Q: 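Quick one: structure below, then a few questions.
We name chains A, B, ... by the order of the sequence lines, and we start the count at 1 in each one. Owing to the predicted nature of the structure, the values given are computational and were not obtained by experimental measurement. Because only heavy atoms are used, hydrogens play no part in the values below, and waters and symmetry mates are left out as well, while side chains stay in.
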There are 2 protein chains.
Amino acid sequence: MDTSIVDDFVDSWGSMGSLWGVNTSVARVHGLLIATESSWCLDDIAQRLGISKSNVSTSLKELRSWGVIKKTFLSGDRREFYVCEPDVWKMLFSIMRERKKREFDPLVSNIQAILENAKESPDGIALERLKQMEQMLETFHALATKLLSSENQARAIISFFMNK
Amino acid sequence: MDTSIVDDFVDSWGSMGSLWGVNTSVARVHGLLIATESSWCLDDIAQRLGISKSNVSTSLKELRSWGVIKKTFLSGDRREFYVCEPDVWKMLFSIMRERKKREFDPLVSNIQAILENAKESPDGIALERLKQMEQMLETFHALATKLLSSENQARAIISFFMNK
DNA sequence: TCCTTTGTTCACTTATTTCTGAACATACCA
DNA sequence: TGGTATGTTCAGAAATAAGTGAACAAAGGA
């Protein structure tokens, strides 16, 4: 098995974990599942990537929480195996949905709550600007909600838009 | 001056620096400039946020590199003052453009380069999936390039889309 | 039952990032 | 020229995040 392509992909995917907010190990484990066709058990992943079992265990837990991998079972084998979502668009949408839920939504709620208490326009505060910010965030929130509600719909919209 | 709203906003904005990849101090300084109408000099920012001058200095440098603040001068005052971009949409677009350039573009190049060397479809590698990934990334790249080329155009597209 | 395999948790180590104060540079003014 | 105000850089400190190994738990199988 020619492993260099897999290694390269794992490195590349690992180094961009920051784009969606996970650490290198998590992204590397994910990269390994993406780049290979087989399903992997914990020990094999640890050996293949040269990291500890406990690290793999927590990384897999994290990847499950993002909804981008799933367990599989081989008959007669007690171990848990993992594969990633084969559809790359579905994968990306899972990540974006989760990231929105975890980081963007709370921000929007926060800003809304802050502006609730700011009806009286006190001195020195750029209240107009903060209101524009709130509106912008709400627009993005609505846009993201709409786009992320269905991969297929979003893909159609993107193609339509790109062909104009 | 009622500072609690500013403080709340600074906290909120500071805690979401990770969304666009800057640390808390950088985001807090930015938050302060966003939430207030005045222009700020280094020392006053340090005092207001309770952080060191050197931290403010590097944070301002970082914010300049993202293109989200600019220097102003008061006549008869030797100090450098800073204000943020008043248009929140322009601000957001600056951040997105810069983040794309710094993190997304290199990823796309990487994946492309890796797949260059993978014409022969070796065993155990999900080559089809990696090609789909590459295509998806290229689609997003094209989409982002188009959307980020003009705030006004993008805003028009978003409104059009949201009203359908 | 006891042993083995598998996976998780957690206290601790290691690595990385962030922040600071001091030293330095620069520009202006007296 | 010296003195003061302003801003930057950088080595090290402090804080935070990540990774490890050992202990533990659970589940089969002999």
Q: Distance-only, no hydrogens or angles: does the B:S12 side chain make a donor-acceptor pair with backbone N or O of B:D8 under 3.5 Å?
A: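 No, the answer is negative, given that no donor and acceptor are paired below the 3.5 Å cut-off.
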Q: Taking A:S159 for its side chain and A:R155 for its backbone only, find out whether a donor-acceptor pair lies under 3.5 Å.
A: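 Looks like yes, one N/O pair under 3.5 Å.
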Q: Can a donor-acceptor pair under 3.5 Å be found between the side-chain atoms of B:K53 and the base atoms of C:dG21?
A: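 Checked by distance alone, the answer is no.
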Q: For A:E62, does its backbone N or O pair with a side-chain atom of A:S65 as donor and acceptor, under 3.5 Å?
A: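 Yes; at least one donor-acceptor contact below 3.5 Å.
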Q: Might you work through the side chain to side chain contact (heavy atoms under 4.5 Å, CB included) test for B:R99 and B:M96, ending with a clear yes or no?
A: CA-CA 5 Å; B:R99 190 149 169 78; B:M96 296 201 313; 5.7 Å; no
Q: Can you tell me the distance, in whole Å, between the CG atom of B:L42 and the C1' atom of D:dG7?
A: 6 Å
Q: Do A:R129 side-chain atoms and B:I34 backbone N/O form a donor-acceptor pair below 3.5 Å?
A: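 Yes; at least one donor-acceptor contact below 3.5 Å.
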Q: Between A:D43 (CG) and C:dT8 (C1'), how many Å, whole number?
A: 13 Å
Q: Does B:S57 have a side-chain nitrogen or oxygen under 4.0 Å from the phosphate oxygens OP1 or OP2 of D:dT8?
A: yes
Q: Could you list by number each residue of residues 10-35 of chain A showing a heavy-atom separation from DNA chain D of less than 4.0 Å, or answer none if no residue does?
A: A:N23, A:S25
Q: What is the ring orientation for A:W20 with A:W66, classed by angle as parallel under 30°, tilted 30 to 60°, or perpendicular over 60°?
A: perpendicular
Q: A:K70 and A:Y82: side chain to side chain contact (heavy atoms under 4.5 Å, CB included), yes or no, with the steps?
A: CA-CA 6 Å; A:K70 68 166 197 264; A:Y82 288 90; over 6 Å; no
Q: State whether the side chain of B:S94 and the backbone N or O of B:K90 hold a donor-acceptor pair below 3.5 Å, judged by distance alone.
A: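 Checked: pair present.
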Q: A:Y82 has an atom OH; how far is it from atom C1' of C:dT8, in whole Å?
A: 11 Å
Q: What is the separation between atom CG on B:N55 and atom C1' on D:dG12, rounded to the nearest whole Å?
A: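 After rounding, the reported distance stands at 15 Å.
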Q: Please state whether the rings of A:W89 and A:F93 are parallel, tilted or perpendicular, taking 30° and 60° as the class boundaries.
A: tilted
Q: When the distance from CG of A:D44 to C1' of C:dT6 is rounded to whole Å, what number comes out?
A: 12 Å
Q: Can you sort out which residues in residues 58-81 of chain B have a heavy atom within less than 4.0 Å of DNA chain D? Ascending by number, please.
A: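 Under 4.0 Å from DNA chain D: B:K61, B:R64, B:R78, B:R79, B:E80.
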Q: Quick check: any donor-acceptor pair below 3.5 Å linking the side-chain of A:S54 to the base of D:dG21?
A: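 Under the 3.5 Å cut-off, the side chain and the base do form a donor-acceptor pair.
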